[in-house]
Q: 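Before we start, here is the structure in question, set down as structure tokens.
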Number of protein chains: 2
Amino acid sequence: MEEGLRERKKRETRRRISDMATGLFLMRGFDQVTVAEVARAADVSVNTVFNYFGTKEDLFLDRQADLEEIYRGVVRDRRPGESVVDAFRRDFLDALDTGDWRYGFHEGAEVWGRVVAESPALRARTLEIERQVMACVAAAIEEEADADPDDVRPELVAAQILSTTRLLSRHALRRRTAGESPREVEAWLREQAEALFDLLESGIGGYGRRPLVVAEDGEAAGDEEEDDVEGDHRRP
Amino acid sequence: MEEGLRERKKRETRRRISDMATGLFLMRGFDQVTVAEVARAADVSVNTVFNYFGTKEDLFLDRQADLEEIYRGVVRDRRPGESVVDAFRRDFLDALDTGDWRYGFHEGAEVWGRVVAESPALRARTLEIERQVMACVAAAIEEEADADPDDVRPELVAAQILSTTRLLSRHALRRRTAGESPREVEAWLREQAEALFDLLESGIGGYGRRPLVVAEDGEAAGDEEEDDVEGDHRRP
DNA sequence: TACCCAACTTGCAGTCACTCCAAAATTGTG
DNA sequence: CACAATTTTGGAGTGACTGCAAGTTGGGTA
């Protein structure tokens, strides 16, 4: 008895709910679709939806486990002579070649990105996921490097690498939604990736260093142009 | 007519709501207090609470605007010869000296940290704030460096610096809540800050490099510590 | 002083995500 | 076929948040 009817039905139900939800969200936007609608579309009760997915956001974002596994692999399976940064650089460029989903280069990524960008709840959940993935990568690096549990460097390395890839993904998505062609974006992305990973490797210590001798005419630090102070309450 | 009665009352009401909310949250936890209770404690209606604060989370996390202003200052007012990283290193150590709130070293920080850690909603909002602050710092750096709007490096620099300070703050908070004395934590923090900022300056390119030739007996990864780049990656 | 307008506050009704609970319905087992 | 375990469902909440219409208040004006 490899898989009983029970297990199969569960898997099917979960899949049906997820697919229906994703379809509706992509079509009409996350906040414009209620959980009740998803339930109706999947022909289950609302309670069943929450039986499978902890929150409404999880209906749209439930690749976290996969992500963690993939990144663990990148760290663990890096080649001889490769540093952690090297491994992620290679992985990023490979993903760019194959149109892998994990950096947002897959087909339809711009629709997906727009839906996420338009929903505060989804953006928040995305950040939380990124945080957890970061912790996971940090753990993998720490384990690999056999570092002291008090050593903070693995976390720093993880944070910096993932900041870099996230930055690249976000810009790529923005350019895609702004109407640039995939080919254009890909070229730009390849160039920027090299530059950022180089910077990551060699350090940002010198960036923006202020000259020791101040020119005689230029005004000093900013005295003009005081911008807004009070933020507006009530966010949409 | 410097400030009418109307303005003063508004300021007082806002302050009263915020104070009552903060007190209740610190005492009983964020999720254990309803907005209705806050309203009752502040002697206003629930609607008035939402008139002043967009969300329940904003009742507790209200310093974002201040944070952005402070960080803008750090970037803009850096001294001659200082790079952006230098400026933030100095600012961090100064804040450590003065017990400044912005990195979580103030009195009662561990209670505050526990409340945030225990509430998913607050954690999510914290991440969102960090993201916005990061964007703000990136903008300041870009402006300062007079960089091309297409240049992604300012964002990378901002992300990496703030990742570092966030990492330090989080660990400090964790140690405080774990019962370490403030003096202990401060000493540890000072040492780690130097190490991490050094790493930030010199780059993480060599971290965790896997040896080219695999030793015939033992496992490959791990203990060889050959960091090829210039930085002396001291370990704690 | 009396009045009026604008801003601020409030109560009320409603939506939606999400929880708890107990009663079905379904599935696997002896 | 019974019986237990699991899943599904309906119903009755709770709590954040919104929109609306009716007060209430402060400031300026006739």
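Hydrogens, waters and symmetry mates are skipped; everything else that's a heavy atom, side chains included, is used. The sequence lines fix the lettering, A, B, ..., with proteins before strands; numbering per chain opens at 1.
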Q: Could you state the CZ-P distance from A:F25 to C:dA17, rounded to the nearest angstrom?
A: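 Distance check: A:F25 CZ to C:dA17 P gives 8 Å.
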
Q: Taking only the side-chain heavy atoms of B:T55 (C-beta and beyond), determine which of D:dC17, C:dT9, D:dT9 contains the nearest atom.
A: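 Looking only at heavy atoms from C-beta outward on B:T55, the closest nucleotide is D:dC17.
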
Q: Side chains of A:I17 and A:V44, heavy atoms from C-beta outward: is any pair under 4.5 Å?
A: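 With C-beta onward as the side chain, the pair touches.
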
Q: So which nucleotide from C:dC16, C:dC18, D:dC17 ends up closest to the side chain of A:T34?
A: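 That would be C:dC16.
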
Q: Pick base, sugar-phosphate or nothing for A:V46, based on heavy-atom distances below 4.0 Å to the nucleic acid.
A: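 The answer is nothing, as A:V46 stays clear of every strand by at least 4.0 Å.
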
Q: Let me see the working for A:D62 and A:R125 under salt bridge (charged side-chain N to carboxylate O under 4.0 Å, His left out), right down to the final yes or no.
A: CA-CA 10 Å; A:D62 66 335; A:R125 188 85 185 87; over 6 Å; no

Q: Counting the atoms with a prime plus P, OP1 and OP2 as sugar-phosphate, which does A:V33 contact under 4.0 Å by heavy atoms, base, sugar-phosphate, or nothing?
A: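 Sugar-phosphate: the residue A:V33, judged by heavy atoms under 4.0 Å, touches backbone atoms but no base.
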
Q: Taking the inter-plane angle between the rings of A:F60 and A:F30 on a 0 to 90° scale, is it parallel (under 30°), tilted (30 to 60°) or perpendicular (over 60°)?
A: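 Ring orientation, 0 to 90° scale: tilted.
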
Q: Write down the distance between CG (A:N47) and C1' (C:dA23), rounded to a whole number of angstrom.
A: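 One finds 13 Å between C1' of C:dA23 and CG of A:N47, rounded.
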
Q: Nearest-Å distance, CG (A:N51) to P (C:dA25)?
A: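 Rounding to the nearest Å, CG of A:N51 and P of C:dA25 are 18 Å apart.
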
Q: Where does the angle between the aromatic ring planes of A:F92 and A:Y103 fall among parallel (under 30°), tilted (30 to 60°) and perpendicular (over 60°)?
A: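 Ring orientation, 0 to 90° scale: tilted.
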
Q: May I have the distance from A:E12 (atom CD) to D:dT8 (atom P), rounded to whole angstrom?
A: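 Distance check: A:E12 CD to D:dT8 P gives 12 Å.
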
Q: Does A:K9 have a side-chain nitrogen or oxygen under 4.0 Å from the phosphate oxygens OP1 or OP2 of C:dT27?
A: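 Yes, because at least one side-chain N or O of A:K9 sits under 4.0 Å from OP1 or OP2 of C:dT27.
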
Q: Starting at the 5' end of DNA chain C, which residue's closest nucleotide do you reach first, B:S45 or A:E57?
A: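 Its nearest nucleotide being more 5', the pick is B:S45.
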
Q: B:Y52 side chain N/O closer than 4.0 Å to the phosphate oxygens (OP1, OP2) of C:dC8?
A: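 The answer is no; no side-chain N or O of B:Y52 sits under 4.0 Å from OP1 or OP2.
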
Q: Send over the distance from A:K56 NZ to D:dG15 C1', rounded to a whole Å.
A: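 So the two atoms are 17 Å apart, to the nearest Å.
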
Q: Quick check: any donor-acceptor pair below 3.5 Å linking the side-chain of B:D31 to the base of D:dG15?
A: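 Donor-acceptor pair under 3.5 Å: no.
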
Q: Quick one: does A:E37's side chain have a donor or acceptor within less than 3.5 Å of a partner on A:T34's backbone?
A: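 Checked: pair present.
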
Q: For B:F50 and D:dC17, what is the distance between atoms CZ and P respectively, to the nearest whole Å?
A: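 Taking CZ of B:F50 and P of D:dC17, I get 4 Å after rounding.
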
Q: Just N and O in the side chain of A:K10: are any of them under 4.0 Å from OP1 or OP2 of D:dT7?
A: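 It does, given that an N or O in the side chain of A:K10 lies less than 4.0 Å from OP1 or OP2 of D:dT7.
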
Q: Tell me the interatomic distance from A:E7, atom CD, to C:dT26, atom C1', rounded to whole angstroms.
A: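 Answer to the nearest Å: 13 Å.
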
Q: A:T48 side chain N/O closer than 4.0 Å to the phosphate oxygens (OP1, OP2) of D:dT8?
A: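 It does not, given that no N or O in the side chain of A:T48 lies less than 4.0 Å from OP1 or OP2 of D:dT8.
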
Q: Between C:dC8 atom P and B:R8 atom CZ, what is the distance in whole Å?
A: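 Spelled out: CZ on B:R8 to P on C:dC8 is 16 Å.
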
